[in-house]
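Remember, it's 1-based here, ligands and their atoms both numbered in the order they're listed. Given the structure is predicted, the values throughout are model-derived calculations rather than measurements.
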Amino acid sequence: MVQAASRELDDWLTLNLDRGCTLDQLHESLLHAGYESTFAIDYLRQRSGGSWQPSAPAAAVTASGRVAVDASGDGASPAEAVLVGGVATAGRDACCALTLADHSGKSSLEAWWARCDELAGATRVNLGDRFAQIAGRNARNGIFYLRNVLSHEECDAMVEASAARIRSSTVVDPTTGQFVPDHRRSSFGTHFERAANPVVAAVEQRLAVLSGVPEPNGEGLQILHYRVGGEYRPHFDYFDPATPGCALQLKHGGQRLLTIILYLNDVDGGGGTIFPELGLEFLPEKGAALMFASITREGALQPQSLHGGSPVTAGVKWIATRWIRAGAYV
Ligand code: PD2
Ligand code: ZN
């Protein structure tokens with residue numbers, strides 16, 4: 001994480017001071033977001049124009065085996081992975097939740113990275129119809145793990161509507177651009193047409209708010225179901241311009257800028273989403289979302305976005321994936 005004041009951080013501060021948050025609460029939020037204590041204290045003191053001191057030592061940011069993230073966000077020290085946030089109290093969180101900005105005047109790529117900058121300094125976000133907690137992040141590479149993006153009822157409804165329709169999964173053949181069965185992906189899947197039912201429509205709108213990219217840029221939700229031993233070997237979600245099938249895929253709204261994986265159930269063993277280049281693993285948690293960039297801020301393919309689904313070792317895994325394009329998906 002960049003340890004420097006920014007317009008986004010100032011906006012976040014103004015918003016939350018206006019909502020009545022105390023400097024102590026904001027200090028704790030900054031620590032949970034991965035800011036260093038000295039930076040956070042200096043920043044809050046400077047902006048409040050006074051001699052504020054934290055009244056009590058803030059709760060330590062604790063390591064956890066459940067979600068592995070590089071809390072610094074700079075990708076430099078994945079070995080020191082820790083869980084960010086998730087320990088704050090409901091009252092304090094409700095007070096300090098970040099209301100996401102409207103980036104509609106920008107290009108989709110700019111809007112998405114502006115959203116990443118906002119999320120880099122937040123612990124809780126207001127998605128319009130519910131609040132989500134940022135439980136892990138690697139902000140430099142545009143990776144965020146958020147809890148409570150979906151209600152358990154929405155997860156159950158999507159699983160139920162998919163269960164009877166799942167088939168062996170396919171991938172895009174890089175040569176032809178067509179969907180074909182593939183040995184890298186031992187899962188079963190189906191998909192929802194956009195706005196296929198009220199739950200899907202509500203989720204799609206929420207993901208547009210979350211990502212900062214308009215809803216029409218999203219492909220229909222892809223549902224994947226893994227049984228024990230099922231996995232998805234590491235791959236990129238972007239279309240590789242070096243492959244002949246790419247041109248066909250790009251016709252439908254251009255490049256994939258980012259992916260949002262929605263975890264629809266708790267998995268009894270394994271099934272984490274891994275980023276081998278970054279040494280990160282995010283474990284499935286019902287209602288949580290993993291959102292990550294495939295394209296850099298500068299518009300290049302993002303090599304650190306290599307990711308895979310590790311084998312399920314117990315139980316089953318259900319996810320819904322939203323791939324979001326540079327333009328409207330047609
Ligand atoms: O199931 C996963 O964790 C996973 C991993 C990699 C899903 C996808 N990719 C995907 O849907 O693109
Ligand atoms: Zn993928």
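Using a 4.0 Å cutoff on heavy atoms, T259 does not count as a contact of ligand 1. In this structure, Q222 does not count as a contact residue of ligand 1, since none of its heavy atoms falls inside 4.0 Å of the ligand.
With respect to the Zn ion (ligand 2), D237 has OD1 as its nearest N, O or S atom.
Residue-level proximity to ligand 1 for D237 is carried by the side chain, the only part with a heavy atom below 4.0 angstrom.
Near I261, the atoms of ligand 1 lying under 4.0 angstrom from a non-hydrogen atom of the residue are 4 (C), 7 (C), 8 (C). Near T321, meaning under 4.0 Å from any of its heavy atoms, are these atoms of ligand 1: 10 (C), 11 (O). Of all atoms in ligand 1, listed by their number and element, those nearer than 4.0 Å to a heavy atom of G309 are 2 (C), 3 (O), 5 (C), 6 (C). Set against the non-hydrogen atoms of H235, the atoms of ligand 1 under 4.0 Å away are 6 (C), 9 (N), 12 (O). Atoms of ligand 1 lying under 4.0 Å from any heavy atom of W323, numbered from 1 in the order shown and given with element: 11 (O), 12 (O). Atoms of ligand 1 lying under 4.0 Å from any heavy atom of I319, numbered from 1 in the order shown and given with element: 1 (O), 2 (C), 7 (C).
The side-chain tip of R227 points at the ring of F188 from less than 6.0 angstrom away and within 45° of straight on.
Looking at ligand 1, you'll find an N or O of Y226 within less than 3.5 Å of one of its N or O atoms. For ligand 1, the polar-atom distance check finds no N/O of Y263 at less than 3.5 Å from any of the ligand's N/O atoms.
Looking at atom 2 (C) of ligand 1, its nearest protein heavy atom turns out to be K317 NZ, 3.2 Å. Scanning the protein for heavy atoms near atom 3 (O) of ligand 1, the closest one is T273 OG1, 2.6 Å. In this structure, the protein non-hydrogen atom closest to atom 6 (C) of ligand 1 is H307 CD2, 3.0 Å. From the protein, the heavy atom lying nearest to atom 10 (C) of ligand 1 is Y232 CE1, 3.7 Å.
A side-chain contact (heavy atoms from CB on, under 4.5 Å) with E219 is found for exactly one of R194, R325, H252, R322, namely R325. Shown are I261, I260, N138, L280; of these, the side-chain contact (heavy atoms from CB on, under 4.5 Å) with F292 is made only by I261.
Side chains of D237 and S294: a donor-acceptor N/O pair is absent below 3.5 angstrom, by distance only. Defined by atom type and a distance below 3.5 Å, a donor-acceptor pair is present between the side-chain atoms of S104 and D102.
Atom-to-atom distance recorded for D10:CG and R47:CZ is 4.0 Å, nearest 0.5 angstrom.
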From CA spacing to verdict: salt bridge (charged side-chain N to carboxylate O under 4.0 Å, His left out), R297, D117
CA-CA 11 Å; R297 207 180 272 276; D117 291 340; 2.8 Å; yes
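By the 30° and 60° cut-offs, the orientation of the rings of Y145 relative to Y263 is tilted.
Note on R206 versus E204: no salt bridge recorded, every NZ/NE/NH1/NH2 to OD/OE distance being 4.0 Å or above.
In the hydrophobic clustering of ILVMFWY residues, with side-chain heavy atoms under 4.5 Å counting as a link, L262 and Y329 come out apart.
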